[in-house]
Amino acid sequence: MCPKYEAAADILGKKWTGRIIRVLLGGPKRFKEIKEQIPEMSDKMLTDRMKELEAQTIIKRQVYPEMPVRIEYELTEMGKELEPVIESIQKWGEEWM
C-alpha cells in the first residue's frame, strides 16, 4: 500500500475529522460555532482534533487581538483541497446509506 494513501486515510478516517472539515468548508468558524454544528462531540475531542488538524496544516487558527479575544478556525489551502473528497463521500452516502 502507498504510504501517502495510508497517511491520508489515517487523517480522514479519524472519528469527527470529516465532519469538522465539512463544517469549515462553509468558511471560518469559532470553536462554539463548530461545536453547535457537531453537538454530540465533546469539547475535549473537538479541541484534540483541532490541534491535530492544525499540526497537519489542514486548518489554521487565527487569533484576533480584541477584547474579548476572538479565535477563528479556517481551512488552509491544503484543507480546501479536500472539498471534492468530502463531496464525494457525501454523494456516496446519499446513494448507498
What I'd like to find out is whether the side chain of Arg30 reaches to under 4.5 Å of the side chain of Arg70, using heavy atoms alone. yes

Grouping I, L, V, M, F, W and Y whenever their side-chain heavy atoms are under 4.5 Å apart, do Ile21 and Tyr5 come out in a common cluster? no

Are the side chains of Tyr73 and Leu53 in touch, meaning some heavy atoms are under 4.5 Å apart? no

Distance in Å, Asp10 CG paired with Gln56 CD, rounded so as to fall on 0.5 Å steps: 9.5 Å

Using atom types as modelled and distance alone, determine if a side-chain donor or acceptor of Lys35 lies under 3.5 Å from a backbone N or O of Pro39. yes

Report the residues that fulfil side chain to side chain donor-acceptor pair (under 3.5 Å) with Glu52, sequence neighbours left out, ordered by chain and then residue number. Lys14, Arg49

Approximate separation, where rounding is to 0.5 Å, of Ile20 CD1 and Lys15 NZ: 12.0 Å

Are side-chain heavy atoms of Lys32 and Glu36 found at a separation under 4.5 Å? yes

Can any side-chain N or O of Thr17 pair as donor or acceptor with the backbone N or O of Leu12 at less than 3.5 Å? no

Rounded to the nearest 0.5 Å, the OG1 atom of Thr57 sits from the CE atom of Met78 at a distance of 2.5 Å

With a 4.5 Å heavy-atom cut-off, do Met45 and Glu40 have their side chains touching? no

Separation between CD1 of Ile71 and CD of Gln62, rounded to the nearest 0.5 Å: 10.0 Å

Apart from Tyr64 itself, which Ile, Leu, Val, Met, Phe, Trp or Tyr residues share its cluster (side-chain heavy atoms under 4.5 Å, direct or through members)? none

Taking side chain as C-beta onward, heavy atoms only, is Leu46 less than 4.5 Å from Asp48? no

Between Val23 and Glu33, does a side chain to side chain contact (heavy atoms under 4.5 Å, CB included) hold up when you go through it step by step? CA-CA 9 Å; Val23 167; Glu33 295 171 313; over 6 Å; no

Does the distance from a Lys or Arg side-chain N to an Asp or Glu carboxylate O, for Glu54 and Lys51, drop under 4.0 Å? no

dist Glu74:CD -> Leu24:CG (nearest 0.5 Å) comes out at 8.5 Å

Counting neighbours of CD on Glu81 that are heavy atoms of other residues, nucleotides or ligands and sit closer than 6.0 Å, is the number greater than 12? no

Compute whether any side-chain donor of one residue and acceptor of the other, for Arg22 and Gln90, lie under 3.5 angstrom apart. yes

Counting only N and O atoms by type, is there a donor-acceptor contact under 3.5 Å from the side chain of Gln37 to the main-chain atoms of Ile34? no

List the residues meeting side chain to side chain donor-acceptor pair (under 3.5 Å) with Lys60, not counting sequence neighbours, and say none if there are none. none

Nearest-0.5 Å distance that lies between atom CD in Glu95 and atom CH2 in Trp92: 9.5 Å

One pair to check against side chain to side chain contact (heavy atoms under 4.5 Å, CB included): Thr76 and Ile59. What are the steps and the verdict? CA-CA 5 Å; Thr76 61; Ile59 66 168; 5.6 Å; no

